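Below: one structure, written as structure tokens.
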Amino acid sequence: MPRRNRSRREEPRGDVSRILGGGVRTESYAGGRWNVRQLRGGVEDRGYTCPGCQQRLSARTAHVVVWPADGLGDVEDRRHWHTACWSARERRPPQGSWR
């Protein structure tokens, strides 16, 4: 019996949603659309700089990861924000590395 050829799902290059898994929501900010995913604290002690407050953000604490929803970005365009900083992004815009 011949094998059935199944078409592969073509995902756009740079689509990080498959890497990050489910639970992604889309929000508006600075005239664009952004994918936002809530992360629980993990065991690894990786550090990030929050664009909202420019303070250190540990991967051990709960936070959000934000990346462009237009599909043009890739893993390098993700930013890790404190949840409170992302919520206050309209009142307190990001500074430093991500304007």
Side-chain angles (χ1 to χ4, degrees):
M1 177 180 229
R3 193 173 113 190
R4 180 189 293 180
N5 290 329
R6 296 181 186 186
S7 63
R8 292 185 180 171
R9 288 186 0 204
E10 293 294 325
E11 295 180 9
R13 187 166 197 254
D15 181 17
V16 296
S17 61
R18 65 181 169 79
I19 297 169
L20 294 174
V24 177
R25 64 186 186 271
T26 304
E27 296 185 16
S28 297
Y29 174 61
R33 303 289 294 161
W34 301 89
N35 291 321
V36 181
R37 180 165 186 239
Q38 183 73 40
L39 296 178
R40 297 180 300 181
V43 294
E44 93 181 74
D45 193 25
R46 192 176 222 175
Y48 306 101
T49 300
C50 174
C53 66
Q54 296 297 303
Q55 300 294 316
R56 185 177 190 285
L57 168 65
S58 172
R60 292 183 179 189
T61 61
H63 62 283
V64 294
V65 178
V66 180
W67 68 96
D70 58 12
L72 299 177
D74 60 10
V75 175
E76 298 294 320
D77 295 318
R78 290 183 301 170
R79 294 294 181 264
H80 295 254
W81 290 66
H82 292 108
T83 304
C85 292
W86 178 251
S87 297
R89 65 191 179 274
E90 298 294 339
R91 291 178 304 192
R92 191 175 50 183
Q95 306 192 4
S97 64
W98 199 52
R99 287 185 204 194

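Quick caveat: nothing in here was measured; it's all calculated off a predicted structure. We're numbering straight along the sequence, starting at 1.
- When N35, V66, V65 are each tested for a side chain to side chain contact (heavy atoms under 4.5 Å, CB included) with R78, only one passes: V65.
- In the displayed structure, R40 atom CZ is contacted under 6.0 Å by at most 12 heavy atoms of other residues, nucleotides or ligands.
- S58 approaches R56 most closely through the heavy-atom pair CB-NH1, 3.6 Å.
- You'll find the side chain of S28 reaches within 4.5 Å of the side chain of R33, heavy atoms only.
- Separation of atoms SG (C85) and CZ (R89) is listed at 11.5 Å; rounding is to 0.5 Å.
- Between the NE2 atom in H63 and the CG atom in L57 there is a gap of 5.0 Å [rounded to 0.5 Å].
- In terms of heavy atoms, A62 sits closest to T83 at O-OG1, 4.0 Å.
- Using a 4.5 Å heavy-atom threshold, the side chains of Y48 and R79 count as separate.
- R25 pairs by the salt bridge (Lys or Arg N to Asp or Glu O under 4.0 Å) definition with E27, not counting sequence neighbours.
- P68 places a side-chain heavy atom less than 4.5 Å from the side chain of W34.
- With values rounded to the nearest 0.5 angstrom, R37 atom CZ is found 10.5 Å from H80 atom NE2.
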